[in-house]
A.B. asks: 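First the structure, then my questions, so here it is.
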Amino acid sequence: MEKNLKKNKLFKEFLKQPFAKHNLEILKLLNNLRSIKTKNKYCLICVKPFKLWQLAKMSGERGVPPKKINKFFKNLEDAERYVFKIRTK
Amino acid sequence: MRKDTYSKSAQNNKMIEKKIVGYSDALSVRPKDKISFMISCDPEIKFINSRFVKLIQGDTNPEGPGFKEKVVEYDVKKYKAINQKIYSGSYIYIPLKKEIKLLKDFTFMAFIMPTLNNKKNQSIVTSGNYPNNSFDLLINKNFCLELNLENKRLVSLKNKFVKKNWYLIGFTFLKENNRIDLFQFPINHENTSYEIRTKTQIRKIFKLSKNIGIASSVIKNKQGIIKNFNNFNGKIDNPKFFAKHVSHSTISYIAKNPGLNLKLKKIIYWDFAKHISSDKIIDKGPHKLDGYTVNFPARAMKGVLWDGEEFNWKHKPSHYSAIHFHDDDIYDAKWKKTFDWIVPEGIKSGLYCAHVYDNNNNEDYIPFTIIPSKRSKKNKILFLVPTASYIAYANDHNAINGQNYEMLMGRLTVLQKEDIFLDKHREFGLSTYDTHSDGSGVCYSSRLRPILNMRPKYSSSNGGVGSGLWQFNADTHIIDWLEHKNYEYDTITDEDLEKEGIDIIKDYKVILTSSHPEYHSTKCWDSINKYQSMGGNLMYLGGNGWYWRIVWDKKFPGIIEVRRAEGGVRSWEAEAGEYYHSFNGEYGGLWRRLGRAPNKLLGIGFSGQGFDVSSYYRRTKQSYLKEVEFIFDNVEDEILGDFGLVGGGAAGLELDRYDQNLGSPKNCYILATSENHSDLYLGVTEEIGVNMPNQSGSQNPNVKADLVYFKKNSGSKNFATGSIAWSGSLSFNNYNNNISKITSNVLNNFIK
């Protein structure tokens, strides 16, 4: 119970402001989420500079382009929130 | 001014492809001189337009001042669009004046170290115009040695190579029985056993005709253009033809004693230990079949004889007789010229671009610098365009190919169309941050190819949260600020400083550096040092400056070499024994490890880095002293730069600190120090002896930028910001902010 509360607190803090100076506890979680292998790792493709980004998955192989996903974001914070939620499900 | 617009296709969520790309034959040019542009277009584009613009601001972030350019030549010109290819891959080309028939007994042998099993044919030595090679000794798609004669497989081995191991390979021809023996012997390893396969009753003749390609099959067309195919990845050491059938036992003996000088008559003997600092390939045999390297394969590489006894190739060239070839090496794209421009007399010095575009929003901006005429009156201010650093980062694949890039950047990787284009088009070549397709580090980089990240409008994932400012576009914020403040300035490039030395900078009152002047040759280092000793003033407006030593090639323009020796923050490391530059024999690595830490020149040196959110500086007590009060004229704030387009602060990305132990002058004023950096900021690796647990921003006292000012006995005044992010804060609040004010206070004082 206590563990879940703590986890929820960390999640809320990140989701509130994805681009911020995070404490070491959140960073530990983020580093784990972000250091997965490159194949099928989420990334963003810029569609319209500073205005629109498309979600994609990296191939992990040189010369093989990322696979686009039909999901678009109008700001980068929302993209971080979306991927964070998927990864922590 | 032209407001930036985006195509309809982008609004419809389609990725804009990069359909027009180009480069120029120079990155700097003087008035009245000619500069040439080479353009390639997607085949669907029939015509392109061109015009010339003075570039003011390359950042398109709507939060910033916006893209700015001034048209300098209103006469738009129209050209037929052509599609041009790049033939990457390094090799040796040996032109043949006459055909040589090998009718008697002979043996070919070479030491090789294959480094990549790419499941493609990789030619080791071949002759004739591809695909009609008269013979081709190659590694086939199964990663086995094969010999082809007149384009047909003659014999192949079963043993697969084990990459990164040395082998003695070759074939012998015995006239009696018309017999060929193809052989492969391991050298100093047991990963494969030796193998010899024999083929008899060979009816065709071995001949060397038209040309010889080493590490690639080649074709020279009627226009004299050479194209290459089936590139070999790996090292080749001293290939040679003996005028005798060498017995199996002798070959086996040589494999065990690679240094043995076989006293046999040679037909051809290419000695790669000769002329290492050049493209020359010398044949010590009777036919003098000399040739040259193409696309800069790596030279001064450890050969089969290297045993760790000697680390400097100049002292023992015979241990460095290997050349390392890569299929993604490129020096000069060698495209056909699309147009020239004679730079008008009287034009202002500065950053300029050839803007090429079609009617469907496809475009490219090809940047260059106009430098002042030799005899013209100079402005007081000089901006040193860091082309060595631009070339070092040219076409970097960090975002799309980097390992754990998301964790390093602290956010999702954002790919631009340029990143995806470069990943697909490997032939556009690599940066010195990348590794070759075989995993070895890229130690050469050139500007004679389209450089898609040295462009206005390019947003780099390296550049922190915000505009994505890194190198070229970050520097346009300094140009934009100079223009906005109505300063008159000149620009020159690192390459000009390399060519002309102190003479080209001595007349300026102040030199402004870029946001990230990381790479410098010895001559550039010495020239700046000399300039200071003559009383010249320096404003170092960046971070991670004067970090790596580089070397410019003397014969071939626009190519640099960097050997990432010993230590430092680096995406690859030079192999033991390969720390000396091939271009001139200088020892490579960090200037700090060469006894010239940047602290001596700039007052500060590289201390920490992070790539998520930036921070701010807090003024020190010293900043209120009378001697430096001019710097803070009309600046009331104690906190400086808590705003900006790079991570939201002026202190960010790569940070430098004051440190007397590294040579920072004692009489330096520390005006402000940055604080409160995130824990994605870490201390630099060259300072990690014992890896203590307090490396990150909130715990490591060295993760900071020091803003400093010092004077030299010569009268030279020096100001240093120690942060790459500084330039991204200049335009905040319509250029009315404490970072902008401090910069202009210093500049106004320095030009007096």
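Letters A, B, ... mirror the listed sequences (proteins, then strands); counts begin at 1.
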A.B. asks: Please state whether the side chain, the backbone, both or neither of S459(B) comes within less than 4.5 Å of a heavy atom of chain A.
C.D. replies: side chain
A.B. asks: When you measure from the centre of the six-membered ring of Y42(A), is the NZ or CZ of K57(A) under 6.0 Å away and within 45° of the axis?
C.D. replies: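 Satisfied, under 6.0 Å and within 45°.
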A.B. asks: P18(A) versus chain B, heavy atoms under 4.5 Å apart: side chain, backbone, both or neither?
C.D. replies: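 Contact with chain B is absent: no heavy atom of P18(A) under 4.5 Å.
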A.B. asks: Please check if any side-chain donor atom of N694(B) sits under 3.5 Å from a side-chain acceptor atom of Q699(B), or the reverse.
C.D. replies: no
A.B. asks: Between E61(A) and R426(B), does a salt bridge (charged side-chain N to carboxylate O under 4.0 Å, His left out) hold up when you go through it step by step?
C.D. replies: CA-CA 12 Å; E61(A) 207 177 318; R426(B) 314 300 300 189; over 6 Å; no
A.B. asks: Show, in sequence, the C-alpha distance, side-chain angles and deciding distance for N676(B) and K21(A), and conclude whether the side-chain hydrogen bond (donor to acceptor under 3.5 Å, both in side chains) test is met.
C.D. replies: CA-CA 9 Å; N676(B) 201 24; K21(A) 190 190 163 192; 2.6 Å; yes
A.B. asks: What I want to check is whether the side chains of N233(B) and D327(B) have a donor and an acceptor closer together than 3.5 Å.
C.D. replies: yes
A.B. asks: Counting only heavy atoms closer than 4.5 Å, note whether L422(B) contacts chain A via side chain, backbone, both or neither.
C.D. replies: neither
A.B. asks: State plainly whether the residues E363(B) and K19(B) are in salt-bridge range, i.e. N to O under 4.0 Å.
C.D. replies: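 Result for this pair is no, no salt bridge flagged.
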A.B. asks: Are the aromatic rings of F421(B) and F428(B) close, with centres under 6.0 Å apart?
C.D. replies: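 Between F428(B) and F421(B), which both carry aromatic rings, the centre distance is below 6.0 Å.
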A.B. asks: Check each atom of D434(B) against the heavy atoms of chain A and say whether the ones under 4.5 Å are side chain, backbone, both or neither.
C.D. replies: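 For D434(B), no heavy atom lies under 4.5 Å from chain A.
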A.B. asks: Side chain, backbone, both or neither: which part of N401(B) has an atom under 4.5 Å from a heavy atom of chain A?
C.D. replies: side chain
A.B. asks: Tell me, for A20(A) versus chain B, whether the close heavy atoms (under 4.5 Å) come from the side chain, the backbone, both or neither.
C.D. replies: backbone
A.B. asks: Under 4.5 Å heavy-atom distance to chain A, tell me which part of S696(B) shows up: side chain, backbone, both or neither.
C.D. replies: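 S696(B) touches chain A through side-chain heavy atoms alone.
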A.B. asks: For chain A, find which of L408(B), L412(B), N404(B), L680(B) contributes the most heavy-atom pairs closer than 4.5 angstrom.
C.D. replies: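 Most heavy-atom pairs within the cutoff with chain A belong to L412(B).
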A.B. asks: Set out, in order, the CA-CA distance, both residues' side-chain angles and the distance that settles side-chain hydrogen bond (donor to acceptor under 3.5 Å, both in side chains) for S440(B) and H326(B), then state yes or no.
C.D. replies: CA-CA 9 Å; S440(B) 58; H326(B) 309 93; 2.9 Å; yes
A.B. asks: For the aromatic rings, using the six-membered ring if either is Trp, is the centroid distance between F472(B) and Y458(B) under 6.0 Å?
C.D. replies: no
A.B. asks: A quick test of your reading: do over 12 heavy atoms of other residues, nucleotides or ligands sit less than 6.0 Å from OH of Y82(A)?
C.D. replies: no
A.B. asks: What part of V465(B) lies closer than 4.5 angstrom to a heavy atom of chain A: side chain, backbone, both or neither?
C.D. replies: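 For V465(B), the side chain is the part near chain A, not the backbone.
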A.B. asks: Heavy-atom cut-off 4.5 Å, strictly under: side chain, backbone, both or neither for S35(A) against chain B?
C.D. replies: both
A.B. asks: Per the ring pair (Phe, Tyr, Trp, His ring centres under 6.0 Å) rule, which among F11(A), F14(A), F84(A) passes with H22(A)?
C.D. replies: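 Per the ring pair (Phe, Tyr, Trp, His ring centres under 6.0 Å) rule, the option paired with H22(A) is F14(A), out of F11(A), F14(A), F84(A).
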A.B. asks: Heavy-atom cut-off 4.5 Å, strictly under: side chain, backbone, both or neither for L27(A) against chain B?
C.D. replies: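 For L27(A), the side chain is the part near chain B, not the backbone.
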A.B. asks: Is it the backbone or the side chain of D612(B) that comes under 4.5 Å from a heavy atom of chain A, or both, or neither?
C.D. replies: side chain
A.B. asks: So what's closer than 4.5 Å to chain B heavy atoms on K41(A): side chain, backbone, both or neither?
C.D. replies: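 Only the side chain of K41(A) comes within 4.5 Å of chain B.
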A.B. asks: Do you know which of H397(B), H436(B), K424(B) has the most heavy-atom pairs under 4.5 Å to chain A?
C.D. replies: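 Option with the greatest count: H436(B).
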A.B. asks: Just so I understand: if I count every heavy-atom pair under 4.5 Å between each of G410(B), G468(B), S615(B), P62(B) and chain A, which residue has the most?
C.D. replies: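 Heavy-atom pairs under 4.5 Å are most numerous for G410(B).
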A.B. asks: Tell me, out of L24(A), V83(A), N23(A), who's got the most heavy-atom pairs with chain B below 4.5 Å.
C.D. replies: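 Of the candidates given, the most pairs with chain B belong to L24(A).
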A.B. asks: For I36(A), which atoms come within 4.5 Å of any heavy atom of chain B: side chain, backbone, both, or neither?
C.D. replies: backbone
A.B. asks: With only heavy atoms counted, which part of I400(B) is less than 4.5 Å from chain A, the side chain, the backbone, both or neither?
C.D. replies: both
A.B. asks: Can you tell me if N118(B) and Q122(B) form a side-chain donor-acceptor pair at under 3.5 Å?
C.D. replies: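 Checked: N118(B)/Q122(B) side chains pair up, N/O donor to acceptor below 3.5 Å.
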A.B. asks: Between E80(A), R34(A), K37(A), M58(A), which residue shows the highest count of heavy-atom pairs closer than 4.5 Å to chain B?
C.D. replies: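 Heavy-atom pairs under 4.5 Å are most numerous for R34(A).
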